[in-house]
Amino acid sequence: METDSATPEGSGWSREIPKAYDPATVEERWAAAWVKERLFEVRTPTPAEVEELRGAGHDLFTILLPPPNVTGRLHMGHMLNQTEMDILTRWRRMRGDIALWLPGTDHAGIATQMMVERQLAAEGKSRQQLGREAFVERVWDWRRHYGGAILDQMKRLGASVDWSREYFTMDERLSVAVREGFVRLYEQGLIYRGAYIVNWCPRCQTAISDLEVTHEEQKGKLWEIRYPVIGSDEFLTVATTRPETMLGDVAVAVHPLDERYRHLVGKRLRLPLVGREIPVIADEWVKSEFGTGAVKVTPAHDANDFAIGQRHKLPAISVMDETAHMNAEAGAYAGLDRYAARKKVLEDLEAEGLLGAVREHVNAIGKCSRCGTVVEPRLSTQWFIAVNKRPEGAGASIAELAIAAVKADEAGNKAIRFTPENYEKIYLEWMNNIYDWCISRQLWWGHRIPAWHCAACGEITVARQDPSRCAHCGSGEITQETDVLDTWFSSGLLPVTVFGWPPPGGGSTPDLNAFYPTSLLVTGFDILFFWVARMIMLGCWFMQDVPAADGSKRGLAETVPFREVYIHALVRDAERQKMSKTKGNVIDPVEIVEKYGTDAVRFTLASMASPGTDIAFSEARTEGYRAFANKIWNAARFIFMNVEKWLAESNGHLTFTSLDLSRVDRRNTVLLGFPANPGARANGSADRGPLEHRWIISRLSGTAAAVNGALEDYRFDEAAGLLYQFFWGDFCDWYLEIAKLSLDSADSARRARAMLVLLAVFESALRMLSPFMPFLTEELWHAYYQGHAPAKSIAVMPYPYTENPAPGREAEAEMELLQSVITSVRAARKDLGVEEKASVPVRVRVAGGARAVVNDNQSIVTRLARVSRIDFIDETPQGSGVRSTPQFDVQVVYEKQIDVAAERERLTKELAKLEKVAASSERQLGNPAFLAKAPPHIVEGLKKQQSDAQLLMDKTRKALEELG
RNA sequence: GGGCGGUUAGCUCAGCUGGUCAGAGCGCCUGCCUUACAAGCAGGAGGUCGCAGGUUCGAGCCCUGCACUGCCCACCA
C-alpha cells in the first residue's frame, strides 16, 4: 500500500496494515495501554451524582469478579466467566452506565496450604517441622512471588476491571472485617462451639464442610458380624460396610417393631475382639429390610450413629486418630491404618467364627473434594454458625433471610433473580434443608478464629482486639484458638467487605452507598452453595444494620449482595468430558489464545454460551472465529484503502472526527456524527438515496436493537450470532460488494455518499463488536481515526443503540428480492456450467413493483451475478438455465450443453419437495376446523404458501417435460 | 434414594410464549488465486428433530411413559 506523501495533511489514513490480522502484537500493546491509562478505574460517585446518573436514564453497573484462588492458573472456566463479565461490563460502560468490575484473589485456605506443603515436601520438610509461624510466613512469601499470576493473565486478556480496587481476602482491611463478622455473629449467639461428628480429611487433617465432600459410588462389601448375646447361645448379627469401626461400637440398634429382634432389646451383647458389654437398643431410624435389620452403633465414626448415640445417651468411643490410624482405644489394633485394621479385624473375626455372610454392596463413599482421600466421619470440637437460629429480637434466621431474598413475595417480586430461573429452585431446596455451617478448619493458612481459651476457668473470650486477659475470670493465661476459618466465610463476606464494611463508627460507607447491592453475579453452578448462598446469607444478615444512602433502613432488596445471578455453563473438552488435570484433557486457554488470539477465543466462548447446557469447547469453532476476526480486519483494509484513494482524489477531508462526545445522545448512538441517513442526496431532494445504503443502515440498526436485547437477557450466543451474521453476511458479502459499484464510479458525489455510509456503518459495527472483540476493534478504531479519535479508547464510546429502532422494512424487502435474483442467476449459471468469469445475458420475468426494483438496480445484479444484459420478459421463460421463485423467473442465456441427467435429478427433487409442501398445506386448508380456529394471518400465510407451491410445481413439471 | 438437564444435518450446537424455523458454524462435494480477505468467494448435498402414545385445527416445541446420557443433592449401616 502507498503511504504518506500523497495523503492530505492530518488525514492519517495512510496506516499500512498487514494483509492478515496478527493478534499477538496488537493485544499485548492494548492490554498494557488500558492498564496504564487506568481506563477502567471508577471513582466512587456521590449520592447526588448517582441521582443525576439515574435521572439521565443510566445506572451503576457493579460486578464482583469471583475471586480466583491465589494459587490458581487460568482455566477455560475462568475465561468463559471473565469473557461474559467483560462483555457485559464493557457493554454497560458504553451504554453510559458507571461500570465497576472489581477484581481480587482468594487466599483459598486449604488449596494454598496444600500447595505450599507439597513444595515443602519436595525439600524434604514438613509444616510441622517449620512450625506455624514460619509456615504461614512461607505461604506469604509464596503468595508474594507466585500469587496473583492469574490476575496478570486477566490483564493480558484485556478484562476491563478496576485494578486500583484489587483486593486479597487476607488483606489487613478484609481481615479486620472478617473478624468483625465473626465477633458479631458470636455476640448474637449465632456462632457456637461443640463436639460433633464432622467430615474429616485424614490427609488434610482438618474438618471439611458437607459441601467439600464428593460422593462416589463404589463397589464394596457388606459384612455380617455375629455378636454373642450375653447369657444366651444366641447371636445378634449386624451388617456393616466398615468392620474396623466395630472396635468403637457402643450398642446395636434394631427397629422397635422388628419381630425378629424384639426379645433382644434391652439385652446385652459381648462385643467381639474387644470384650466390652454393649446394649441392644431400639431406634426407629433402623431400616429392618436393610442388611440384617440390626445395625452396630459407633457414635464417634458415623453421623447416623452419632445421632442415635445422642438420643440414647450413649458414650462415643473414638478408635482412630486424626490420620485415620487406630488409636489406643483400638487395643491390639492400635497403630494400624484404617484399611489394615479392617483386614485384621476381619481375619480375627473369621478366626473366631464370628464372621457371617459377605455380600457385594454398592455404596456412595465420601471423598475429600480437595485431595480425594476417603473422608472419615470424626468426632471433634468445631465452630459452627447456627444458620437456622433466630436470635432474640431478630425477625428471621440467617437461612430465613436467604430464602426470602430469592423466593418471590406475594406480589411476585424477587430481591434476587436467577438466570436460568431453575437455579432458584435448586438454591431454595438447599437452603430449606440447610444444616449448621462448620466454619472451623484445622489449618494454619487462613483467618485465625478470634477466640481465646482460658486455662484458668476454661471459658472462651471472643474479641475484636486481641485480649490480654480472660473476659470471664480475668486470668492472663489465655491462648488463641488454633483453628482458622473456612475460606468461604471470608469470601462470603466479600460483597460487603470490598466496599468498606464494617463502616467505621456505624452508618455506611460511600462505596456501600454507591455500589451495594451489586448488579450482577456471574458464576458457575459449582459454587452455587459454597459461595453464592453464603454471600446471600452473610450479605443479607449484616446489611440489615447498615442504613441506605438516604439514611433509611434497608429493605430486604437493599440488603442482598447482588440483584441478579447469572449461572453459566461448565466448559468441557470437545468430547464433553469434564476437564481435569488427572485426565490430562485440560485445555489451556493461554495456549489457545496464543494460537488464535484473545478475541477469537472470547467470541467462541460467547457464541457457545447458551443457557442450560455445558460447553464442549471446540477448537474448530475458534478457528472459524479467527477467520471472522481476519474478515473484519480485511474489511477495514478495504475501507482504509478506499478512503485514502478518495481523499487523494478529492483532496477533501472528513469532518466527523470532530465529534463532541459530551453532546452525544446515548439513547441514539447507532451512527455517531453522521447524518441520520447518510445515504440520501445532499441536495435535499426527496430521494432517499440508493437502496443498498438504506438497506445496510436498516440492518445495522436492526442488529443493534437485537444485540442489545440479547445482552439484556444474557444471551451471549445470540448476540454473537447476530454480530457475525451482520458483519460477514450483510456488510461484507453484500454491502461491500455493492458499494464497490459506487466506489468505482466516476460520479464523485456518488462516491462520496458511498464513502460516508461505508465509514459510518463500519465505525458503528466496530463499536458494536467491541465488547466481544476488544483488541481488534480498538486497533481498527484507532486506525480509523488516525490520531483524531474522539476518545482514548473505543471502550468509552457509546454503544450502538436506539430507543426507537426504525428498521427500513421496505428497503429490506427490496434488497431481499435483489439478493434472491442474484442468487438465482448464480445457481442457474452453475447448472449450465458457465465459466466463473464469463458474463451472460439473462431474461427476467417479474411483475409490478418488484420489476421496478430490479430495473432500478440492474447494475447491482449485473455486477454481483456477472450478467451482461438484463431483458425483462412477460412470459415464464422456457428452456434450460431457468430458476423460479414465487416472485420471479430468471433465465440465464447460454448455449452450452447442459447435464440433462443432473438437471432432471435436481428438478425431480425440487418437485418432490414442493409436492410435500403443497400436500401439507392443502390438507390443512381443507380442514374446516383449521379454517375456523387458526388465526387469520396463519391461514393467509398458508394460502400463499399453497399457491406459491402450486405455481412452482407447474413450472417445474413443465421444465421436466421439456427435458424429455 | 430424590431432583435437574440433554437427546435436532457427519461433528459442535441454535431453534425465545406450539403456526413463515427445520437453522448456523465446522466438515463434505463442485467451481473460482475476481485487485479487502484462499483464515477467501460462489453454488450444492445432507435431518421421518431419541422411541411410543396423547393433547390440539396444528407439535423439535405441551402432556405421559420408555430408552440412552450427563449432572446435582442425599445421614440406609
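To find a chain, count down the sequence lines: A is the first, B the second, and so on, and within it residues start at 1.
Within 4.0 Å (heavy atoms only), A:G941 reaches at least one base atom of the nucleic acid. A:H255 comes within 4.0 angstrom of no nucleic acid atom, judged by non-hydrogen atoms across all strands. Among the protein residues, A:W223 comes within range of no part of the nucleic acid, since none of its heavy atoms lies under 4.0 Å from any strand. Using a 4.0 Å heavy-atom distance criterion, A:F762 is classed as making no nucleic acid contact. No contact: A:N642 has no heavy atom under 4.0 Å from any strand. Using a 4.0 Å heavy-atom criterion, one finds that A:A620 contacts the sugar-phosphate atoms exclusively.
Remark: the backbone N or O of A:T823 is not paired with any side-chain donor or acceptor of A:R883 at under 3.5 angstrom.
Distances from the side chain of A:P935 to the nucleotides B:rG19, B:rC33, B:rC37 place B:rG19 closest. Side-chain proximity of A:R715 to the nucleotides B:rU12, B:rG15, B:rA36 is greatest for B:rG15. The side chain of A:K631 has B:rA36 as its nearest neighbour among B:rA36, B:rA77, B:rC73. When each of B:rC37, B:rA36, B:rA42 is scored by its nearest atom to the side-chain atoms of A:R826, the top-ranked nucleotide is B:rA42. Which of B:rA14, B:rA36, B:rA45 sits closest to the side chain of A:D717 comes down to B:rA14.
The OH-P distance, from A:Y625 to B:rU12, rounds to 16 Å in whole Å.
Taking the six-membered ring for Trp and thresholds of 30 and 60 degrees, A:W728 and A:F628 have nearly parallel ring planes, at less than 30 degrees apart. Between A:Y625 and A:Y724, the ring planes lie perpendicular to each other; the angle is over 60°, past the 30° to 60° tilted range.
Judged by a 6.0 Å distance limit and a 45° cone about the ring axis, A:K631 is not positioned over the six-membered ring of A:F731.
Considering only side-chain N and O atoms, A:K909 lies nowhere under 4.0 angstrom from the phosphate OP1 or OP2 of B:rA45.
Annotated as anti: B:rU48, whose glycosidic dihedral deviates from 0 by more than 90°.
Using the Watson-Crick or G-U wobble rule with both distances under 3.5 Å, B:rG58 pairs with nothing in any strand shown. Remark: B:rC73 base-pairs with B:rG1. Criterion, Watson-Crick or G-U wobble with two distances under 3.5 Å.
Of the residues near RNA chain B, A:E216 and A:G624, the one whose nearest nucleotide (by heavy atom distance) lies more toward the 5' end is A:G624.
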